[in-house]
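Notes follow once the structure below has been shown.
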Number of protein chains: 2
Amino acid sequence: MARIDEVAAAAGVSISTVSYALSGKRPISPDTRRRVIEVARRLGYAPNAGARMLAGRLTHIFALTEPLRRETHAPTHMSFVLAAAVAARRHDYDILLLTDQQASDGMRRVTASGLVDAILVLDVAPDDERVAIARSIATPTVFIGIPDDHEGLDCVDLDFEAAARLAVDRVADAGHTRVALLGQPATTYRLSNFPPRVRRTVAQRADERGLRHTFATSGEVVTDADAVRTAVIDALDSGATALLLHGVDDMHAVVLATLAERVRRIGVDVSIVSIAASFDTTKLPTQIDTIPLIPEASCDLAVDLALARIDDPRRETGIHLVAPEYRDAGSVAPPLQD
Amino acid sequence: MARIDEVAAAAGVSISTVSYALSGKRPISPDTRRRVIEVARRLGYAPNAGARMLAGRLTHIFALTEPLRRETHAPTHMSFVLAAAVAARRHDYDILLLTDQQASDGMRRVTASGLVDAILVLDVAPDDERVAIARSIATPTVFIGIPDDHEGLDCVDLDFEAAARLAVDRVADAGHTRVALLGQPATTYRLSNFPPRVRRTVAQRADERGLRHTFATSGEVVTDADAVRTAVIDALDSGATALLLHGVDDMHAVVLATLAERVRRIGVDVSIVSIAASFDTTKLPTQIDTIPLIPEASCDLAVDLALARIDDPRRETGIHLVAPEYRDAGSVAPPLQD
DNA sequence: TTGTAAGCGTTATCAC
DNA sequence: GTGATAACGCTTACAA
């Protein structure tokens with residue numbers, strides 16, 4: 001816990017020189033600069049957080065609000081938290097957790113006390129209560145996910161619509177005429193913002209491309225192996241030759257197991273594309289085409305946006321979509337001729 | 001973002017009176033006290049975090065370090081994070097996330113900058129690198145979990161040994177002479193601190209009570225349904241009449257499914273106790289006896305310990321174990337006579 | 001290129 | 001019971 005004056009004394013310079021040498025906010029002769037940095041390192045100096053907050057304009061802390069609903073898929077959520085933390089650290093920011101039952105209270109609190117420079121919002125619901133709070137506070141707020149009412153908000157997300165179209169187009173181009181979408185558990189279509197976006201767009205695009213399409217959830221609240229199994233079998237029985245998956249790892253595992261059991265060769269008898277999977281699909285027993293949801297991409301962008309907004313609070317808000325990327329693993333092939 | 005001087009002016013008192021009226025750190029006449037509080041509320045006043053840190057002794061922030069290894073069971077981990085956050089908020093503390101690859105860097109950083117009053121350590125490994133850091137820094141540090149080398153450390157945890165004994169005793173008392181322990185995935189026995197403790201104690205106690213016992217993991221890295229299924233069948237075939245479970249929800253589901261498939265009635269043909277389950281076992285298809293691992297209990301205690309240590313840095317360190325509690329659901333019965 | 005000094009908004013130590 | 005006021009450790013004009 002060395003202080004700036006100790007560093008200054010040890011380096012034989014003034015306090016402000018130390019501050020400037022370390023922050024680089026004004027030119028310092030390379031020589032003293034080096035000396036200051038060396039001394040600071042030796043003494044293990046780090047600016048006192050409270051003093052920095054008070055004197056500077058910034059706290060170097062982001063709040064991260066996460067409702068942690070029971071329906072939330074924990075592993076996915078954790079990779080977003082981790083990605084946000086890593087992105088923040090790259091810019092010398094720390095993450096303060098806001099898990100209050102009413103996240104709103106926390107947002108108001110950190111705003112009122114000036115504890116954070118910006119707020120990142122995770123796990124966004126279609127009718128998220130945090131939208132109203134975000135509008136009522138001065139602290140820059142970035143949503144990772146898109147609520148229904150997003151007028152005047154900064155939002156970041158994978159372009160789920162583009163991803164869905166990409167998936168449909170791929171199987172349509174390969175010649176498939178019947179596709180089945182196996183989706184998330186039913187509750188997430190009410191509680192989360194992106195499952196409905198995928199479902200809607202797949203249906204639209206399939207219609208545009210003249211494909212017959214069906215849809216099934218993967219259970220009620222969490223992945224229900226029986227439900228998934230039944231859905232896969234129904235899809236096959238109804239003549240679907242291409243399966244679009246939008247779900248978590250468990251669901252993928254059950255789908256692959258069911259296909260194996262039915263002796264359907266992936267990329268031969270049946271084509272598969274996984275849309276917006278946030279887990280490592282290369283860990284699956286069979287490799288499948290994926291349009292991944294990359295938490296790092298969204299979180300990096302969200303942090304950039306937050307910083308830009310801190311820098312210029314009057315800049316224009318808007319939705320920023322991350323372009324989807326198709327990863328071919330050979331799981332899509334032309335349908336077999338009967 | 002009203003400031004204290006605005007509150008003082010509006011209430012017609014001095015700045016220090018506002019501070020004391022709000023903190024209660026010195027007697028204030030009930031009358032002015034009420035008035036100050038009312039004005040503060042009306043103006044939405046909250047002390048500036050930076051100023052409070054600088055002037056006061058405290059930051060009102062805990063760091064929470066979590067390595068977030070791939071082997072970590074995300075839902076369990078999240079319930080600990082949540083429990084820690086809730087416990088902290090009860091004492092007007094916030095949680096700062098430390099997810100650095102090397103958590104050690106983060107611990108040093110927040111210590112050097114005086115960003116936090118104490119550090120809570122989650123997901124403790126037997127040979128945790130954070131032990132050395134904790135010893136080298138002045139910031140109070142509380143481990144939630146017990147590393148092998150815990151000399152001079154503050155640790156909090158469920159009394160896994162007592163829980164294991166409780167489980168063995170229960171089935172022994174019911175008359176069982178052959179028990180099988182179905183444990184965690186193999187890797188956690190190296191990477192985590194508590195699975196070996198349960199395994200070791202079950203074996204010891206079973207020996208003491210004259211029971212024959214076997215042990216099987218539930219997979220390599222994560223729950224492997226086939227491995228669990230095989231382990232259950234092997235256990236039954238080898239004559240085990242009581243199953244002790246120490247694992248996550250997936251594993252429990254597979255065990256119950258396998259027993260159902262083999263037409264073994266729980267609490268009749270076979271007895272079951274789940275040791276240190278951190279999920280909601282009442283959500284399982286069949287109710288089973290449980291000695292739950294309650295994150296709230298550990299985290300509340302950890303926060304209390306941290307606060308006590310902040311208050312008196314010289315107080316004695318030590319291990320604090322949470323007593324296990326047996327929850328009877330009728331899944332243990334005397335073994336059937338052949 | 002560097003040094004001096006005025007805040008930043010609290011808490012805590014004095015007085016009264 | 002209440003009011004001045006000196007820290008707290010830094011950032012950042014303003015001087016030199």
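Note on naming: letters A, B, ... go to the chains in the order of the sequence lines (proteins, then strands), and numbering restarts at 1 for each one. These values consider heavy atoms only, across backbone and side chains, with no hydrogens, waters or symmetry-generated copies.
A:S29 and A:T32 share a side-chain donor-acceptor pair at under 3.5 Å.
Shown here is B:R35, whose CZ atom has more than 12 heavy atoms of other residues, nucleotides or ligands within 6.0 Å.
Not counting sequence neighbours, the partners of A:R41 by the salt bridge (charged side-chain N to carboxylate O under 4.0 Å, His left out) test are A:E38. Listed by chain and residue number, nothing satisfies the side-chain contact (heavy atoms from CB on, under 4.5 Å) test with B:D311 (two or more places apart in sequence, or in another chain). A:E151 pairs by the side-chain contact (heavy atoms from CB on, under 4.5 Å) definition with A:R135, A:D149, not counting sequence neighbours. B:V86 meets the side-chain contact (heavy atoms from CB on, under 4.5 Å) test with B:L82, B:R90; sequence neighbours excluded. Contacts of B:P126 classified as side-chain contact (heavy atoms from CB on, under 4.5 Å), with partners at least two apart in sequence or in another chain: B:D148. Take B:D5 and apply the salt bridge (charged side-chain N to carboxylate O under 4.0 Å, His left out) test, not counting sequence neighbours, and it matches B:R3.
Near-neighbour residues of DNA chain C inside residues 53-62 of chain A, defined by a heavy atom below 4.0 Å, number-ordered: A:L54, A:A55. Near-neighbour residues of DNA chain C inside residues 19-37 of chain B, defined by a heavy atom below 4.0 Å, number-ordered: B:S19, B:Y20, B:K25, B:R26.
Interface limits on DNA chain C: the 5'-most and 3'-most nucleotides within less than 4.0 Å of chain B heavy atoms are C:dG9 to C:dC14. First and last contacting nucleotides of DNA chain D toward chain A (any atom under 4.0 angstrom from a heavy atom, 5' to 3' order): D:dG9 to D:dC14.
Between A:A51 and B:I15, the one whose closest nucleotide on DNA chain C sits nearer the 5' end is A:A51.
The existence of a salt bridge linking A:D92 and A:R89 is confirmed by a sub-4.0 Å separation between a basic side-chain nitrogen and an acidic carboxylate oxygen.
B:R315 has its side chain within reach of B:L305: a pair of non-hydrogen atoms, C-beta onward, lies under 4.5 Å apart.
Pairs of residues two or more places apart, or lying in two chains, never qualify as ring pair (Phe, Tyr, Trp, His ring centres under 6.0 Å) while including a residue from residues 64-90 of chain A. The side chain to side chain donor-acceptor pair (under 3.5 Å) contacts involving residues 111-128 of chain B comprise B:T59-B:D117, B:R69-B:D123, B:T72-B:D123, B:Y93-B:D117, B:T111-B:T139, B:D128-B:R130, where partners must be two or more places apart or lie in separate chains.
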